[in-house]
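Some notes on the structure that comes next.
Because the structure is predicted, anything quoted here is derived from the model rather than measured.
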Amino acid sequence: MTNSAQGDRTRGEGTRPGRAQDAGGPGPSRRVVSAALVSGVVGTALGATAPSAWADEWSVPRPRRAPRGRHGRARSAHNDVLFVGAHPDDEAGNLSTFGQWRERYGLSTGVLTVTRGEGGGNAVGPEEGPPLGLIREDEERKAVGLAGIDNVYYLDKPDFWYTLSGPLTAAIWDADDTLARIVRLIRATTPDTVVTMDPRPFNQHGGHQLSARLAIEAFFLAGDPRAFRSQITREGYRPHRPRLLLAQNYGFGDLLGPDAPKQRRTDRASGLPVFGVFSGVRSEEHGTSWAQVERDAARTYVTQGWAARPPQVPTDPEELGSDWYTVLAANGRAVKSKVRPQGELRPLYAEFRDWTERVGLPWLANDAQPAYPGAPATTIPEVATAPVLDGVERAGEYPGPELPLVHWEGEEAGDQDVSATAKLSRHGDDLYVFVKVVDDRRGTALEESDAKRHWRTDAVEITLDPRGDADDTSTTFKTGIFPYTANGGGAAAERDGDNRQGPAATTAPGMRVVSAVSDPYRGYTIEAKIALADLPAAADPAKFALNVLVYDSDTEDKTGQTRLAWSPFGSAQADPYVWGNATLEGYTPPPERPTEPAEPEIPKDAARSEDSPASVAQSRRTGVPLAVGPRPRR
C-alpha cells in the first residue's frame with residue numbers, strides 16, 4: 001500500500017501492468033503482459049458492428065464443471081460467474097440477473113468486493129471506518145444471499161472517501177497488489193464469465209473505475225502462465241481465461257418492459273454490443289418477480305439509506321426494466337470496435353486514454369471526456385471591514401454579485417421546497433461566504449459528535465481549489481456546514497474528501513461558522529469565515545476556483561433528496577474541472593506560503609477479513625485464503 005500518495009504524484013499514473021508484482025515474487029514484465037493483453041484483441045466472428053449470435057453467445061454464461069485440483073478433488077471455490085466491484089452494494093443492480101442465471105441455468109455466482117465501504121456514510125448509527133466496513137459486509141452477504149450467492153471475497157483494501165480519480169485510488173489501493181489478487185481469484189474460482197463495473201472516468205467513483213480496470217486486465221492475465229508466475233509454480237493454481245467479460249451499463253435504464261432486451265443494442269460511446277436481462281421474470285423460488293427480489297436485497301443496505309426505497313416494485317411488467325451489460329470480450333477475446341480519438345484531453349481523461357491503449361482496448365476511451373461547458377465566473381471583492389459573523393447580511397459586507405444556486409442532482413424541487421443564493425467577500429487573508437437557503441422542511445438534526453458526511457441531511461458545502469488546476473479533490477479544501485445540530489445545537493462544520501478531513505476545529509483552525517435558522521422553519525442562512533492560510537496551498541488570485549452547494553433533506557432517515565450548486569454540471573461535488581473561477585480582487589498571498597499543495601491525509605484503515613467470522617468460515621470452506629492472499633506453497 002502506498003503510504004505517501006498525493007495528487008501530484010498520481011497524476012498521469014494508472015495501473016501499469018508492467019509493474020505488476022505478487023507476494024510470491026516478481027510479476028510479469030511489461031513485454032509479457034502487453035503480449036497477454038493484446039493477444040486477446042483480435043477479430044472475432046462476433047464483431048461489434050454485426051453481432052451474429054446475440055443471445056446464445058453473449059447473454060447467458062456457460063456452466064462449467066469445477067476443475068479438479070492436484071489431488072483429484074473438485075475445488076469448492078468454483079463459480080460460473082464472478083462479479084468484481086469496489087464496495088458492498090456495487091452488485092445490487094445485477095442481482096436480478098445472477099438470480100435468474102442460477103434458477104434457470106444452474107449457474108453459480110461469486111462476488112469480489114475490493115473494499116468494505118468504510119469511507120461511505122452510515123444512515124443508522126455512529127459507526128465509521130473498519131467497524132462500519134464489517135457492518136456493510138453483513139449487509140452484502142444478506143443481500144446477495146437472496147440471489148443464491150454464497151461466496152463474497154474481500155481484498156481488505158481501504159475505502160477512503162468519495163473521489164472521481166482512478167489514479168488516486170490506484171495509489172491508495174496499491175493497484176499492482178490488487179491486480180494480483182484478482183488474477184488469483186479468477187484462477188481459484190475458474191469462472192466462465194466475469195462481470196464488472198464501467199471503467200470510464202466521468203461521473204464515476206474512482207473505486208468503480210479502478211475495480212473495472214483491474215478486472216479487465218485480470219480477465220486476460222489470468223490465462224497467461226507468464227503472468228504472476230509464482231501463483232502457478234508456488235501456489236498450485238492453473239492459468240484460466242474466462243470466456244465472457246461484461247461491464248455494467250446504466251445507459252439504458254429508461255427502456256422498460258419485456259420486449260426491450262429483445263432488440264440489439266449498441267453502447268453509444270464505445271460502439272460495443274449491449275444486451276439486457278429483463279427483471280420482470282418470475283422467480284419460482286421466491287414466488288415474485290426478480291425485480292422485487294432485487295429491491296428486497298437492495299433494502300438490506302440500511303447503512304446507505306437504501307431501506308428508504310419503496311418496498312414494492314410495480315407488478316405490471318411494462319413498468320419494469322432490465323439489467324444491461326456491455327460485452328467487452330467473448331470467447332476469451334476482446335470484441336473490437338472503432339476508435340474515435342478526442343483531442344485536448346484534461347489530465348484525468350488523458351491518463352484513461354493511455355490506459356486503454358496500453359491494455360489494447362482503445363475504443364473504451366471514445367467520448368470519455370464530456371463536453372464540459374464553460375465554468376461560471378465571478379469576482380470576490382475586498383472589503384475594508386470584516387463582516388460580522390451573525391448569520392445576517394449587513395450593508396457593505398458582501399458588495400459582490402449574488403450567485404444563484406440551481407438544481408444539480410436528485411429530485412427537481414420548486415423554489416418553495418428549496419432554493420438558495422450565495423455571496424462572497426474577502427477581508428485581508430480571510431474569505432467570507434454568506435449562503436441563504438429557503439427550505440420547506442428540516443432534515444435530521446445530527447448530534448454534534450456526528451457532524452460529518454454532510455450529504456445525509458440539510459447542509460451547505462463550500463469547495464475551494466487554491467491553484468485552480470486540481471485534477472482531484474486531494475489538493476483542495478472542501479467543507480460541509482450543518483445549519484443546526486441535535487438538542488438545539490447551532491452550526492457545525494467539518495472537512496470531507498479533501499486535503500485534510502475531520503472537524504473544522506482541528507482541520508481548519510482559522511474557520512468560523514454561524515447560522516440563523518428561522519422559527520417557524522422556513523430555511524436558514526450560513527455565514528462562514530475561511531482562513532486562506534488553511535488551504536492546501538497559496539491562493540492564486542487569478543485562477544482561484546470554487547463551488548457552493550446545498551444539500552436538502554426532507555426526511556428523518558438521514559438521506560438527501562435534492563442538491564443545488566453554483567456550478568451544477570456533472571458530478572460537481574468531486575470534479576474540480578467544473579468549479580467556477582472566482583477572481584480574488586486585490587489579493588496577494590504571503591510570499592512564504594507554498595504554491596505546491598501539501599501532501600493529503602488519506603484514511604487507510606480498512607476492515608480485515610481475519611476479523612470477520614463469515615469471511616473466516618468461507619475461507620475454510622473454499623480454500624481461498626483470507627483477502628485472497630497467497631496460498632501456502634504446494
Side-chain angles (χ1 to χ4, degrees), residues 2 4-16 86 119 160-173 175 198-213 342-358 364-365 367-376 461-478 495-501 535-540 542-547 549 565 567 569-582 594-603:
T2 302
S4 59
Q6 60 173 314
D8 288 342
R9 294 180 61 180
T10 58
R11 283 180 196 152
E13 296 180 4
T15 57
R16 292 181 172 83
F160 44 108
W161 32 255
Y162 183 78
T163 178
L164 296 177
S165 175
L168 179 63
T169 307
I172 304 304
W173 281 4
D198 187 340
R200 290 174 286 197
F202 177 68
N203 202 17
Q204 269 251 79
H205 194 299
H208 297 173
Q209 299 172 42
L210 189 62
S211 64
R213 290 197 201 187
Q342 285 184 289
E344 300 182 3
L345 292 178
R346 297 173 187 245
L348 200 65
Y349 300 100
E351 186 275 337
F352 178 71
R353 175 206 57 203
D354 294 347
W355 172 80
T356 67
E357 293 175 350
R358 283 200 302 274
L364 294 183
D367 300 333
Q369 177 172 288
Y372 279 111
E461 181 176 349
I462 301 168
T463 65
L464 307 175
D465 177 7
R467 307 304 297 173
D469 61 357
D471 294 320
D472 60 67
T473 60
S474 70
T475 59
T476 71
F477 178 103
K478 291 171 70 258
R495 290 177 63 181
D496 179 271
D498 66 350
N499 194 254
R500 298 285 186 274
Q501 305 90 48
L535 273 54
D540 184 326
K543 298 180 179 179
F544 193 72
L546 66 80
N547 205 1
L549 310 100
S567 182
F569 179 72
S571 185
Q573 174 194 27
D575 188 353
Y577 292 157
V578 303
W579 296 356
N581 178 255
T595 57
E596 288 296 318
E599 288 193 13
E601 293 182 359
I602 298 179

Nearest heavy-atom pair of [X] and [Y]: which atoms, and what distance?
| X | Y | answer |
| --- | --- | --- |
| L164 | N203 | CD2-C, 4.0 Å |
| A545 | G468 | CB-CA, 4.3 Å |
| T475 | P536 | O-CG, 3.6 Å |
| T356 | A365 | OG1-CB, 3.7 Å |
| A86 | S211 | N-OG, 3.8 Å |
| F202 | A368 | CB-O, 3.8 Å |

Under the side-chain contact (heavy atoms from CB on, under 4.5 Å) criterion, do L464 and W579 qualify, and how do the steps go? CA-CA 8 Å; L464 307 175; W579 296 356; 5.8 Å; no

Checking the side chain of [X] only, and the main-chain atoms of [Y] only, is there a donor and an acceptor separated by less than 3.5 Å?
| X | Y | result |
| --- | --- | --- |
| R467 | K543 | no |
| D354 | R358 | no |
| Q369 | Q342 | no |
| N547 | S567 | yes |
| N581 | A542 | yes |

Short N-O contact, D198 and R200, less than 4.0 angstrom: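 Salt bridge: yes.
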
What is the distance from atom [atom1] of [X] to atom [atom2] of [Y], rounded to the nearest 0.5 Å?
| X | Y | atom1 | atom2 | result |
| --- | --- | --- | --- | --- |
| D496 | Q573 | CG | CD | 7.5 Å |
| E599 | S474 | CD | OG | 10.5 Å |
| N499 | D465 | CG | CG | 11.0 Å |
| I602 | T163 | CD1 | OG1 | 8.0 Å |
| Y162 | K478 | OH | NZ | 10.0 Å |
| L364 | W355 | CG | CH2 | 6.0 Å |

Which of parallel (below 30°), tilted (30 to 60°) and perpendicular (above 60°) describes Y349 and Y577?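 The rings of Y349 and Y577 sit tilted, inter-plane angle from 30° to 60°.
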
Any side-chain heavy-atom pair from T463 and L549 closer than 4.5 angstrom?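 Heavy-atom side-chain distance check passes, below 4.5 Å.
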
Is any side-chain heavy atom of Q501 less than 4.5 Å from a side-chain heavy atom of F160?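 No - every pair of side-chain heavy atoms lies 4.5 Å or more apart.
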
Evaluate the side-chain contact (heavy atoms from CB on, under 4.5 Å) criterion for residues L348 and D472: first the C-alpha distance (whole Å), next the side-chain angles of each, then the deciding distance (0.1 Å), finally the verdict. CA-CA 9 Å; L348 200 65; D472 60 67; 5.9 Å; no

